Engineer: 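Here you go, one structure.
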There are 2 protein chains.
Amino acid sequence: MSNLQLPVLGQDDAAACCSPMVREPLGEDAAVDLAKMFKALSDPVRLRLLSLIASHEGGEACVCDLTGPFDVSQPTISHHLKVLREAGLVCSERRGTWVYYWVLPAVLARLSALLEAPAAAGGAR
Amino acid sequence: MSNLQLPVLGQDDAAACCSPMVREPLGEDAAVDLAKMFKALSDPVRLRLLSLIASHEGGEACVCDLTGPFDVSQPTISHHLKVLREAGLVCSERRGTWVYYWVLPAVLARLSALLEAPAAAGGAR
DNA sequence: CCATCGCATAGACAGATGTCAATATAGACG
DNA sequence: CGTCTATATTGACATCTGTCTATGCGATGG
């Protein structure tokens, strides 16, 4: 499999890495890069998958733990996991019969920092 | 803009309701709700729009300030602004001939908190 | 009152996306 | 080897999305 791939992070300009996007305008390339990650988060099933994986005991979960809670088919879950993997939000590894997934906290942290709002003064009017 | 951080965060219910999604599994309804906001963030043009608006002087921007930096047509910008508005990420108001947009920091803060990773300690495995 | 400017809406269209059933693959276990 | 279990891949399909051109609508100014 291809769980060794580390897609992004660090290749783009430094500003996109940590600075809140409400401070200075996002560059075009950084926006394209970030949009891919947010797109991976833009589906309810994927959000719940990510949440399930991250909050699972040991910080990782077998796929067999992930198919139960959803109304969609197993191939659909597999597809969503692939999307999360290709977005760089999770990694996976096969151990015997099962495949385990875990989140990459640094990537979530990067997105979190990006959305941080400095308690703006521009508020309601 | 002098008083930034002070006791009463203006977010009230919205912020209190959402602990990091890596702590406990996201509910089905919450996931649907949040996915809508992330979907609004899942386009490079919208990300840059949001960033432009937030980082603009005074925390707000006229549409006429927003059409220039992009390669897409004015109706497309208008469409993206509508998406951001319907997702609850920005608000708008007409003043004379112009329409001004500003971000809702509490909503961004909610998303940011949701993605916060707990110390990211273990990290790569 | 009419022309003009700023922005939004409507309609059309190609391409992306979420889903499923069917099938393939990879390891475990007789 | 054959079979079973756990995941992934394929292909099909309806729906959603981003974009454009054309047009509408409110406000301004002669």
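Note that the coordinates shown come from a computational prediction; the quantities given were computed from them, not determined experimentally. Reckoned from all heavy atoms, side chains included, excluding hydrogens, waters and symmetry mates. Numbered from 1 within each chain, the chains take letters A, B, ... in sequence-line order.
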Engineer: Taking only side-chain N and O atoms of B:His79, does any of them lie within less than 4.0 angstrom of OP1 or OP2 on C:dC7?
Structural biologist: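 No, because none of the side-chain N or O atoms of B:His79 sits under 4.0 Å from OP1 or OP2 of C:dC7.
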Engineer: Below 4.0 angstrom from OP1 or OP2 of C:dG18, is there any side-chain N or O of A:Arg46?
Structural biologist: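 It does, given that an N or O in the side chain of A:Arg46 lies less than 4.0 Å from OP1 or OP2 of C:dG18.
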Engineer: Backbone N or O of B:Lys39 within a donor-acceptor pair of the B:Arg46 side chain at under 3.5 Å?
Structural biologist: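 Flag set: sc B:Arg46 to bb B:Lys39 pair under 3.5 Å.
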Engineer: Considering only heavy atoms and no angle criterion, is a donor-acceptor pair shorter than 3.5 Å present between the side chain of A:Gln74 and the base of D:dA6?
Structural biologist: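 Counting by modelled atom types and ignoring angles, no donor-acceptor contact under 3.5 Å is found here.
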Engineer: Counting only side-chain N and O atoms of B:Thr76, is one of them less than 4.0 Å from OP1 or OP2 of D:dC20?
Structural biologist: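 For D:dC20, OP1 or OP2 has a side-chain N or O of B:Thr76 closer than 4.0 Å.
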Engineer: Rounded to whole Å, please give me the gap between CD in A:Glu93 and P in D:dT7.
Structural biologist: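 Value for this atom pair: 14 Å.
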Engineer: Closer than 3.5 angstrom, by distance alone: can the side chain of A:Ser51 be matched with the main-chain N or O of A:Arg48 as a donor-acceptor pair?
Structural biologist: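 Not at all, since once roles are kept as given, no pair shorter than 3.5 Å links the two residues.
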Engineer: Between B:Tyr100 and C:dG6, does any side-chain N or O lie under 4.0 Å from OP1 or OP2?
Structural biologist: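 For C:dG6, OP1/OP2 do not have a side-chain N/O of B:Tyr100 under 4.0 Å.
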Engineer: Return the CG to CG distance between B:Asp43 and A:Leu34, rounded to the nearest 0.5 Å.
Structural biologist: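 Between atom CG of B:Asp43 and atom CG of A:Leu34 there are 12.5 Å.
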Engineer: So, is A:Thr97 near the phosphate of C:dG27, with a side-chain N or O under 4.0 Å from OP1 or OP2?
Structural biologist: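 Negative; the distance criterion is not met.
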Engineer: Between D:dA6 and A:Tyr101, is there an OP1 or OP2 to side-chain N/O distance shorter than 4.0 Å?
Structural biologist: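 No, no such contact exists.
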Engineer: Rounding to a whole Å, what distance do you find between B:Arg95:CZ and C:dC5:C1'?
Structural biologist: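 It is 19 Å, rounded to the nearest whole Å.
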Engineer: Does the structure place the NZ or CZ of A:Arg85 under 6.0 Å from the centre of the six-membered ring of A:Tyr101, at an angle of no more than 45° from the ring's axis?
Structural biologist: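 No; the conditions do not both hold, so A:Arg85 does not lie above the ring face of A:Tyr101.
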Engineer: Hey, does the side chain of A:Ser73 come within less than 4.0 Å of C:dC20's phosphate (OP1/OP2), counting only N and O?
Structural biologist: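 Checking A:Ser73 against C:dC20: at least one side-chain N or O falls below 4.0 Å of OP1 or OP2.
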Engineer: Counting just side-chain N and O atoms, does A:Lys39 come under 4.0 Å of either OP1 or OP2 of C:dA16?
Structural biologist: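 No, outside the criterion.
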